[in-house]
Every structure is written in structure tokens, then in C-alpha cells.
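Notes for the one structure printed next.
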There are 2 protein chains.
Amino acid sequence: MATRQQVADRAGVSVAVVSYVLNNRKLVKEETRQKVLEAVRELGYRPNLVARSLKTKKSNQIAVLVRFLGNPFEAGILLAIESTAKASGYFVFFQTYEEAQEEQLKELFMGRVDGIILLGQFLSSETLDYFISRGIPIVSITRPYTELDDRDMDIRSQWIDIDWHGAMRELVQHLRQQGHERIAIMADSAGIHHYEWRFRACIKALNSEGLRFEPADRLNGGGRFEQAYAELAQRLSLIGSVKKLPFTALICANDLMAAGSLAACRDHGIAVPEQLTIAGCEDILMSAQTNPPLTVLRYPRPEAAEAATRHLLELMEGKNSCSSSTSLKAELVVRGSTAP
Amino acid sequence: MATRQQVADRAGVSVAVVSYVLNNRKLVKEETRQKVLEAVRELGYRPNLVARSLKTKKSNQIAVLVRFLGNPFEAGILLAIESTAKASGYFVFFQTYEEAQEEQLKELFMGRVDGIILLGQFLSSETLDYFISRGIPIVSITRPYTELDDRDMDIRSQWIDIDWHGAMRELVQHLRQQGHERIAIMADSAGIHHYEWRFRACIKALNSEGLRFEPADRLNGGGRFEQAYAELAQRLSLIGSVKKLPFTALICANDLMAAGSLAACRDHGIAVPEQLTIAGCEDILMSAQTNPPLTVLRYPRPEAAEAATRHLLELMEGKNSCSSSTSLKAELVVRGSTAP
DNA sequence: TTGTAGGCGTTATCAA
DNA sequence: TTGATAACGCCTACAA
């Protein structure tokens, strides 16, 4: 593997000159420049990025932390992150991450990462501080949820998310128009999760629209298709042959759970939307293809991903963009699962 | 950011000793060891991985090249790759990649990557040589397709894929049992793509089963939902009110295309499976949720991903595993789109 | 316009 | 058991 020294020798110049040429400094005589370029070509030389990183203290890599890549929602976002980052010469480095591995994270990222994007993830404020104080900014897609020090966290973490309250209001209004008065919500009740914001926004929206939320109407779908299926199936088998749920509509904090609920209804002979109306919150590709297709709030994924990445890049370049966190607007997409 | 030198100073030893402690060599006196560990803790020291890489010439990073991450098929595989790699202390570094960027690739991977996994991708044999000769092994998930020097490529590239002929035969047998005699195939005819293997295997299977394939029955769905929709929609609008396609069954080289075809049928009033029977080739989550649900060949994704990653790790560790390429078995999953 | 040399944080060899 | 010290490949003052 050719090194800079070899290129220099071959071109009959010093390593510095090779560097100058490769970094496009104009102070090199054209003739010398050509000699160097030729030597580079002949040797098939390429700079060693690791050595460069060591010197410049820039890795040109950004890490993306995802919990579960199997969710198409996240895959789509990843794509947009990557293309935005690549356009600025950065590499994306993704990692599925489970909570409580923050120490490991610090170890693994040491010197290797210039910035971090959280994708539906949560880091302790201590860890956030750790990275930020080392000049490694962090931006989150979806607002991280924490029960305790909301305000404290929000100072540190910069996030991009939907204006869930506005979006949920629109959805609830739509459901009311269809005559629904009692609406259930399915989220992920296991631990801290950003779906909690969607859940809360939904309750707030119900209240804004003059509806009450019954705590018993909170379902736990664990964010997954299978769990959602199991949860609703269980409720359905409880009510037995009566086929009458206490609620007539169900809002799911993500589309996979909505699809799982749909499947449970199908298998238990519950007609959607006639007997139960179901809506999701992301609009993944699958959601338009279920039977019936799902009404959803469409999460503007490319926009969110691009905004987050740009924001991160700015922070990495030391620009103190004043805007800390951003809310985007979701679009209500009405399909057969709520409107016959 | 603490360095090894600082730790050494604080502990009153030399950097070498710090290294010994950190790398768990037992030749250090226990007392000294404790001093060092304390200094490490106090300073919050963590080794700089970039510096380590420079010295050891190992990055502990593997790159995964994907074309389109939006396909759930690939997302699932990525997940399995990542967890297998992580278990061996490797980082996964994924990159969406379009052909004809091989030079850029070499640049970007220089010194930074120990191994490469191709996910439905294709690299020229020149590029393969480039990496392999530099000790960077390459393994492909899905067998790369090339029109010309099959044999030549196969020597260099190691791949994991389905035994498509066997799988297609099973599928065709199933379709015959349903009474189908004329079967169309949808693949991606734009350029070189691994779907071509599925396509060819399918034709071979048709022949094995005594059926003929009409060249006119090759559809081009471009590998995507939308394109598949458009392609079939066009055929359907051509036949107009007759509602009679020359073929009665359609095998799609991937599930997204099958789902797109399904959607086209729905929007054009074609009943599936009565008027047209449709099958896919991967079994992504969505495929069980369409209406009707799709019959598919299930690609054993976790197995394939794990096998590929393990193979790569072995190659990286210099083990010349004799097995070059592997074929896995796909399972036929019969659902409503072929069996009423 | 080009060359020299120090340093980035590790690892590892060789003495002490 | 420990300590110097030379790489690893690149960048960049500073000197020539």
C-alpha cells in the first residue's frame, strides 16, 4: 500500500509538496504538481484516512443510533440522513443501540465520530454532556422522552419532531366527524420512549376537542406489529362473542402497531372501520397496502432527516445555530381504515 | 481529552505500563495496575481508536453497501449483519451505493474498513481485486449478476444466496397445482442486477416443469413498488375492457414488486387470485398484510446475513475457509394471492 | 516554491 | 516489571 513518502520519492519531491498538491493548495508550481499527480496515479496512491483523522482530529464520520432497524419508518429516515451527510463529505455509521449501554458507546465512539444522530433513541443527560463537552454534537429525530427533567434535557438535546398536538387534533377532529366519541390509544408503555409524546399529545387533543380519555383505553403495543396484534387480540377475546369494545376508534402511535391491530381485527372477525376504526402515525409504505388501507398522520421523513442532518453538520462546524429544536407539520392522510 | 501520556504521568508510570494494563497483560504488578486503573478512572480516559487503528492497521469497521435502504428486505438483513459483527467487536458502516462510483469508494474506504459486505450490489472485478489484494475481503449477500464472465467473477466474489432453482421449482409446482400454465415474471430489466438470477432460475423451473416461457411475459418492475404498479397498470390498460391477460400467474422477483402489482390489480378491478395470481420472492413483513396476502418464497434473511458476516469475519482473520459460496433454502409460504 | 521536522495517540520492541 | 523510543501516515508551521 503506497504511502505519501513513496509518492514523494517517485516524484522527486518532499512529502509536504505531495500534501500541498493533494489538498489543492495553489502554491505549487504547475510542473511539480503534474509530476506529483503522475506519481499518485502510477502508484495508485490514496491517502490513509485514519492517519489523516489522527492528525486533524476529524473523523468525518457521524453515528446514527437506532433501536430497531426493522421498522420501515427508520429505514427511510436513515436513507435521507445518509445522502445528506454524504453530500457534505461525511460517512454514516449506524448502530442499533439498546439502552444502558452508554459506557460502551463512549468507548466505541472515541475519536471516531464527529457527531451523533439519535433516531428514536434516548441518552442520559450525563452521556449527552460527555459527548457535547468533547465537541461532538447530538441531534435527535423524534423528541426524546423522559419523565423527570424535561426542561433540563431539552437544553442539552436538540431535536426534530412533529408538532404532535396539532397533528393529533386534526386526526381527532376527523374521527369526531365520523361520529367517534370514545377513542383508545395504543403506545409503548414499557419504559421511556418517544411515543410517549405522541400519546400525551393525543390525550391533549382529545381534551381540546371536548372528549375524555379513559385510562383503561390505553393499549400497549410495544411499538411492534406482533405485540400490537397480541394486545388487541387479547382484548378482543376477552369481550367474546359480544364483539363490542368500549371504544370505537383506536389511534396507534406508529403504523406497525396499527397494522398489527388491523390484523388482529381481521382474525377476530371485527370489521374495520365499521366496528373499529384504526389510525396510525407515520405513513410507511405498507400502510397504504393493508386491508383496508390505513388512515395516518404522515411523518415528513425526508424533511425531518435532512433538517436534522443539516443541523448537526452546522453544529459540527461550530455554527451556533440559534434554533435549538424544530417542529414539523404532519399531514393527515385519510384512507379506508377510518372512512368507509 | 485525556491521552495515554497523561494517564501515565498521573499514575507515575510510563505509557508502556498503561498499555499493558489496558491490554490486560498479566506482567504488571498488581499494585501498579491499581494505580493505573485509578488514574484512568479519574481522568475518564478512553483509548483513541483512530490512533490505535493507525498503529495496528485494523479499523474494526466493516462496510455494507446497499443500493436502496427503503426496501424492508435489506433493512432486516442489515440488522442481522450488525448484530453479528458487533458480537465480534466490529462496527458496521453502511453506505448506499450507486454503481460507477467505485473510485470514490476506494478513496473513502482507504484505511478505514477491514471488510466489505455487498447487499444486492455489484462491483467490477477490477474493484474486487483492488480490495482483496489489499487484504480487505468481500462477501456478497445475493449472488452478483454479470452477463459476461460469470466464472471469472465467481472466483473472486464469495456470495450467499438462495438456491433459486430449487425454490422456484417449488413455487411453479404450486402454481401448476392451481391450474396455471402460462406464468409471467417480473424482474428488473434495467442493467445488471441480481434479480436476474431469480429470473433465470424461474425460467429454468418453468422448463423443468414442462412449461414454456414467452419472452413477452417478462415484465419490468424495476425492483420498486411504484414501477411495478406502473408496469402492470400499463398492461392492464392496454387490454382494456377485455380484462384478459395472456398469462394467469405472475411471479415477481421481489415482494415490493408483487405488492405493487397487487395494487395495480386492485385499482383496475382485477381480482387476485381469481383473474391473476401473484407471488413474491422474499417475504417482507408487509407481504402478509396485503389484500390478499402474498404467497412468497421466504428468504431466510437472518441466516443469510449471519452466514455472510461470519464468513467475512473468518476471511478477515485470515482463515481460508474453503467454502466459497453458499446456497440456502427458501421456504414456500402459501397465502391468499395464489390460493383462494 | 519547496523541504524539514515535530506531533497526533497508539503499539511494540528492546533494554534496563 | 518497567521505561525509552521508534514507528504508523499525515498535516503544517517554519525554514530555506
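All of these numbers come straight from a predicted model, not from anything done at the bench. Every chain is numbered from 1, with letters handed out A, B, ... down the list of sequences.
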Does [X] have a side-chain nitrogen or oxygen under 4.0 Å from the phosphate oxygens OP1 or OP2 of [N]?
X: Thr56(A); N: dC11(D); value: no
X: Arg52(A); N: dG9(D); value: no
X: Tyr20(A); N: dA13(D); value: no
X: Thr32(A); N: dT2(C); value: yes
X: Ser14(A); N: dT4(C); value: no

Closest listed nucleotide, where the reference is the side chain of [X] and the choices are [options]:
X: Thr3(B); options: dG9(D), dG9(C), dG3(C); answer: dG9(C)
X: Lys57(B); options: dT12(D), dC8(D), dC11(D); answer: dC8(D)
X: Leu27(B); options: dC10(D), dT2(D), dG3(C); answer: dT2(D)
X: Ala16(A); options: dT2(D), dA13(D), dT11(C); answer: dA13(D)
X: Arg25(B); options: dA12(C), dT12(D), dG3(D); answer: dA12(C)
X: Val17(A); options: dT12(D), dT11(C), dG3(C); answer: dG3(C)

What's the [atom1]-[atom2] distance between [X] and [N], to the nearest Å?
X: Asn23(A); N: dT2(C); atom1: CG; atom2: C1'; result: 15 Å
X: Arg4(B); N: dC8(C); atom1: CZ; atom2: C1'; result: 14 Å
X: Leu22(A); N: dG9(D); atom1: CG; atom2: C1'; result: 13 Å
X: Met110(B); N: dG9(D); atom1: CE; atom2: P; result: 9 Å
X: Gln5(B); N: dT10(C); atom1: CD; atom2: C1'; result: 12 Å
X: Leu43(B); N: dG9(C); atom1: CG; atom2: P; result: 14 Å
X: Lys35(B); N: dT1(D); atom1: NZ; atom2: P; result: 14 Å
X: Arg112(A); N: dT10(C); atom1: CZ; atom2: P; result: 13 Å

Quick one: are [X] and [Y] in side-chain contact, heavy atoms under 4.5 Å?
X: Leu65(B); Y: Leu119(B); result: no
X: Asp161(A); Y: Leu328(A); result: no
X: Arg52(A); Y: Met110(B); result: no
X: His194(A); Y: Arg143(A); result: no

- Item | 5' precedence on DNA chain D between Leu54(B) and Glu30(B) (nearest-nucleotide basis) | Glu30(B)
- Item | Heavy-atom donor-acceptor pair, Lys55(B) side-chain to dA12(C) base, under 3.5 Å | no
- Task: Please determine if Glu30(B) and Arg33(B) form a salt bridge, counting it only when a charged side-chain N lies under 4.0 Å from a carboxylate O.
- Result: yes
- Look at all strands and tell whether Val13(B) reaches a base, only sugar-phosphate, or nothing, counting heavy atoms closer than 4.0 Å.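 Touches sugar-phosphate only.
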- Quick one: does NZ or CZ of Lys106(A) land under 6.0 Å from the six-membered ring centre of Tyr130(A), within 45 degrees of the ring axis? yes
